[in-house]
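What follows is a short report on a single structure.
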Amino acid sequence: MEIINYKGKHWSARKADHIYIVSIDNHSNIVEALTDFIRDQKIQAGEVTGIGAVSEATLRFFNPAAKKYVDKTFKEQMEVTNISGNVSEIEGKLTLHLHITLGREDYTALAGHLLEAKIQGAAEFIFYPLNTRVVKIKNEETGINLYDFET
Ligand code: FE
């Protein structure tokens, strides 16, 4: 097995064969740090999963009728019980699409599309890169970015 360690802007990682273990620095922003990671490592496609804890998070809800996003920020300590997402190329840039489930102090859960969240505690991710380029293009009918396998 080939093992290589990497460090970037607010993240550190270990690559074991083709899979990465990624840690984000405390008090850093998840989406910002992971976006730096995929662009630094030139991960063109693949899956990411993660767990950890945050002190605040902004979730985004898409209203299909209005074709508009509604964002809401929650400022409280929460467990990241799951982040799941993927990597694709949008308008020439490697981009993450992340969803998150957050556990509150009263053990209820919040969930949604993750716009940004600030780590408060651990931040543990596994990246499974795929050896292909995959492009998303904005679909005018739905108003969202969808896979375009012809590109
Ligand atoms: Fe989403």
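Whatever order the structure lists ligands and atoms in, that order sets their numbers, starting from 1.
- Between Asp17 and Glu2, the closest side-chain pair of non-hydrogen atoms falls below 4.5 Å.
- Residues in residues 118-139 take part in these ring pair (Phe, Tyr, Trp, His ring centres under 6.0 Å) pairs, two or more places apart or across chains: Phe37-Phe127.
- Here salt bridge (charged side-chain N to carboxylate O under 4.0 Å, His left out) pairs that include residues 105-128, with residues two or more places apart or in two chains, number zero.
- Note that the OG1 atom of Thr101 and the CG atom of Leu59 stand 9.5 Å from one another [nearest 0.5 Å].
- Tally of protein N, O or S atoms closer to the Fe ion (ligand 1) than 2.8 Å: 3.
- Here Ile144 is tied into one hydrophobic group with Phe62, Tyr69, Leu146, each link being a pair of ILVMFWY side chains closer than 4.5 Å.
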message = I'd like to know whether Val48 forms a side chain to side chain contact (heavy atoms under 4.5 Å, CB included) with Ile126, so could you lay out the CA-CA distance, the side-chain angles of the two residues, the decisive distance to 0.1 Å, and finally the verdict.
response = CA-CA 6 Å; Val48 53; Ile126 307 275; over 6 Å; no

